[in-house]
Amino acid sequence: MVNDIIKAIDALKNTAVARCRERIEEAALKARGLRGGGSAEEKTDSPGSSEPPCGVTSILKRRHGL
């Protein structure tokens, strides 16, 4: 039972870290776009844009730019 809990915590941690990395990459692409640097291919090729956002955080981020 303890091993199951540890595996679940590790899975949640890995998922959270991956989402944070995606958000950092998206913010960097957005900053490059605002600054005027980077090519158009880099802006459209973000890893998280293929799946539709459905969480509260995603909605707030899309609506308010958080």
Side-chain angles (χ1 to χ4, degrees):
M1 182 172 154
V2 174
N3 288 335
D4 292 336
I5 293 172
I6 291 173
K7 287 180 183 179
I9 291 172
D10 285 339
L12 289 171
K13 181 180 74 170
N14 290 336
T15 302
V17 168
R19 290 184 72 199
C20 287
R21 285 184 179 144
E22 288 177 4
R23 289 178 180 165
I24 290 170
E25 290 174 5
E26 289 174 2
L29 289 174
K30 186 176 180 180
R32 285 186 199 124
L34 292 175
R35 193 181 72 182
S39 65
E41 295 174 2
E42 290 177 350
K43 293 176 190 172
T44 59
D45 194 348
S46 65
S49 64
S50 62
E51 58 188 48
C54 58
V56 173
T57 307
S58 299
I59 292 170
L60 289 173
K61 185 171 69 171
R62 185 173 20 135
R63 186 175 286 173
H64 301 291
L66 298 175

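Below, all heavy atoms of this structure are taken into account, side chains as well, without hydrogens, waters or symmetry copies. Source: prediction; values computed, not measured.
- Considering CG of N14 and CD1 of I9, their distance stands at 12.0 Å, rounded to 0.5 Å.
- Using a 4.5 Å heavy-atom threshold, the side chains of R19 and R23 count as touching.
- One finds the CG atom of N3 at 11.0 Å from the CE atom of M1 (value rounded to the nearest 0.5 Å).
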